[in-house]
Amino acid sequence: SPGTYPEFNITISTPISIIGEEGAEKTIVDQQGKGRGFIINIPEDKMVKIVGLTIQNANGSRTAGLQIQLNTGELELHKCIIQGSVNGNHVISNRQGPELNHKLLVQDSIIRNNRVENMAGIVFGVARNCLFYSNSGWNAADVLRQSEAYNCTIYGNGGGALGNPW
């Protein structure tokens, strides 16, 4: 149901659908800078669906998959807003590698206002009809790393190695 849920490091170990019935603007999972969002460890042939949520304010020192980390199984993320990540690496990450990009689908979603060390977007996944803007990384600044993108809009992202000691 609508509301703001102050939750972090949410581990999912069984197939499930999580649906914000009134949409991402009204159903918010807020990590409040205390940890990561969703960590998914399900059987390889099973799926998790997350629909209509805002997932925001993750903070993880050098961790991959700040807002969402897919370790095993499949994930479909639809009509979500992913925003406000700080520190860490990879806002949305498929830890199964590039040969399994198809296991992570992000569709009709907005990825915005994330400030991380590396990869301020999706790593090893597929994006369809998504909007990526105002994301930055101070090392590797890309918003799509070894991923596929179809009918996406990407603008106003930046960053780079300026300020690093090397």
Undergrad: Measuring from Cys130:SG to Leu144:CG, what's the distance to the nearest 0.5 Å?
TA: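 Separation between the atoms: 8.5 Å.
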
Undergrad: When you check the side-chain N and O atoms of Asn71 and Gln69, is any donor under 3.5 Å from an acceptor?
TA: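 Gln69 and Asn71 do have a side-chain donor-acceptor pair below 3.5 Å.
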
Undergrad: Taking all non-hydrogen atoms of both residues into account, name the closest pair between Leu104 and Ser93 and its distance.
TA: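 Closest approach of Leu104 to Ser93, heavy atoms only: CD2-C, 4.3 Å.
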
Undergrad: By side-chain hydrogen bond (donor to acceptor under 3.5 Å, both in side chains), which residues pair with Glu76, not counting sequence neighbours?
TA: His78

Undergrad: If we check side chain to side chain contact (heavy atoms under 4.5 Å, CB included) with Ile82, which of these qualifies: Ile111, Asn135, Thr54?
TA: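 With Ile82 as partner, Ile111, Asn135, Thr54 yield a single side chain to side chain contact (heavy atoms under 4.5 Å, CB included), made by Ile111.
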
Undergrad: Can you name the residues that form a side-chain hydrogen bond (donor to acceptor under 3.5 Å, both in side chains) with Glu74, not counting sequence neighbours?
TA: none

Undergrad: Starting at CE of Met47, measure out to CG of Leu75 and round the result to the nearest 0.5 Å.
TA: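 Here the rounded value is 8.5 Å.
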
Undergrad: How would you list, by chain and number, every residue that makes a side-chain hydrogen bond (donor to acceptor under 3.5 Å, both in side chains) with Asn57, sequence neighbours excluded?
TA: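 Listed in chain order: Asp30.
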
Undergrad: So how far is it from Gln56 CD to Gln67 CD, rounded to the nearest 0.5 Å?
TA: 8.0 Å

Undergrad: Would you mind listing every salt bridge (Lys or Arg N to Asp or Glu O under 4.0 Å) that reaches into residues 18-28, with sequence neighbours excluded?
TA: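 Of all non-adjacent pairs touching residues 18-28, those that pass salt bridge (Lys or Arg N to Asp or Glu O under 4.0 Å) are Glu22-Lys26.
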
Undergrad: Which salt bridge (Lys or Arg N to Asp or Glu O under 4.0 Å) pairs, counting each pair once, include a residue from residues 118-142, with sequence neighbours left out?
TA: Asp142-Arg145

Undergrad: State yes or no: do Ile18 and Leu70 share one hydrophobic cluster built from I, L, V, M, F, W and Y residues joined by side-chain heavy-atom distances below 4.5 Å, directly or via other members?
TA: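 Yes, same cluster.
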
Undergrad: Show which residues join Leu131 in its hydrophobic cluster (side-chain heavy-atom contacts under 4.5 Å, direct or indirect), or state none.
TA: Ile81, Ile110, Tyr133, Tyr155

Undergrad: Report the distance from atom CZ of Arg95 to atom NE2 of His90, rounding to the nearest 0.5 Å.
TA: 7.5 Å

Undergrad: How long is the straight-line distance from NZ of Lys79 back to OG of Ser109, given to the nearest 0.5 Å?
TA: 9.5 Å

Undergrad: Check whether Gln146 reaches the backbone of Gly125 with its side chain - one donor and one acceptor, N or O, closer than 3.5 Å.
TA: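 Pair absent, no side-chain N/O of Gln146 close to backbone of Gly125.
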
Undergrad: Give the minimum heavy-atom separation between Pro15 and Ile42, together with the two atoms involved.
TA: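 Taking Pro15 first and Ile42 second, the nearest heavy atoms are N-CG2, 4.1 Å.
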
Undergrad: Are side-chain heavy atoms of Ile40 and Ile68 found at a separation under 4.5 Å?
TA: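 Yes; the side chains approach each other to less than 4.5 Å.
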
Undergrad: Mind checking side-chain hydrogen bond (donor to acceptor under 3.5 Å, both in side chains) for Glu148 and listing every partner two or more places apart, or none if nothing turns up?
TA: Tyr150

Undergrad: Quick one: closest heavy-atom pair of Gly20 and Thr27, and the distance?
TA: CA-OG1, 3.8 Å

Undergrad: What are the two closest heavy atoms between Gly52 and Cys80, and how far apart are they?
TA: N-SG, 3.8 Å

Undergrad: For Leu100 and Asn94, which heavy atoms make the closest approach, and how far apart are they?
TA: O-ND2, 2.9 Å

Undergrad: Do Gln31 and Val29 touch side chain to side chain, with heavy atoms closer than 4.5 Å?
TA: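 Sidechains of Val29 and Gln31: in contact.
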
Undergrad: Do Ile122 and Val126 sit in one hydrophobic cluster, given that two such residues count as connected whenever their side-chain heavy atoms are within less than 4.5 Å of each other, even indirectly?
TA: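 Result: no, two separate clusters.
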
Undergrad: Only counting residues at least two apart or in another chain, list the ones meeting side-chain contact (heavy atoms from CB on, under 4.5 Å) with Pro43.
TA: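 Per chain and number, Pro43 pairs via side-chain contact (heavy atoms from CB on, under 4.5 Å) with Asp45, Lys46.
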
Undergrad: So which residues get pulled into Val123's cluster when ILVMFWY side chains under 4.5 Å apart are joined, directly or through others?
TA: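 Result for Val123 is Met119, Phe124.
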
Undergrad: Let me check something: do Ile50 and Ile28 share a hydrophobic cluster, defined by ILVMFWY side-chain heavy atoms less than 4.5 Å apart, either directly or through other members?
TA: no

Undergrad: Taking only residues two or more places apart in sequence or in another chain, which ones pass side-chain contact (heavy atoms from CB on, under 4.5 Å) with Asn113?
TA: Arg115, Ser134

Undergrad: Heavy-atom distance under 4.5 Å between the side chains of Val106 and Phe132, does that happen here?
TA: no

Undergrad: Connecting only ILVMFWY residues whose side-chain heavy atoms lie within less than 4.5 Å of each other, what is the rest of Ile19's hydrophobic cluster?
TA: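 When side chains under 4.5 Å apart are linked, the cluster holding Ile19 also contains Val51.
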
Undergrad: Without placing hydrogens or testing angles, list every side-chain donor-acceptor pair under 3.5 Å for residues 5-12, not counting sequence neighbours.
TA:
residue, atom, partner, partner atom, Å
Tyr5, OH, Ser1, O, 2.6
Asn9, OD1, Arg36, N, 2.9

Undergrad: Could you tell me whether a side-chain N or O of Asn157 sits under 3.5 Å from a main-chain N or O of Ser136, the two making a donor and an acceptor?
TA: no

Undergrad: Would you compute the distance between atom CG of Leu77 and atom NZ of Lys49 and round it to the nearest 0.5 angstrom?
TA: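 Atom-to-atom, Leu77:CG and Lys49:NZ are 12.0 Å apart.
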
Undergrad: Can you see which heavy atom on Val116 is nearest to which on Ser85, and at what distance?
TA: CG1-CB, 3.9 Å

Undergrad: Would you say Val48 and Leu105 are hydrophobically clustered, going by side-chain heavy atoms of ILVMFWY under 4.5 Å?
TA: no

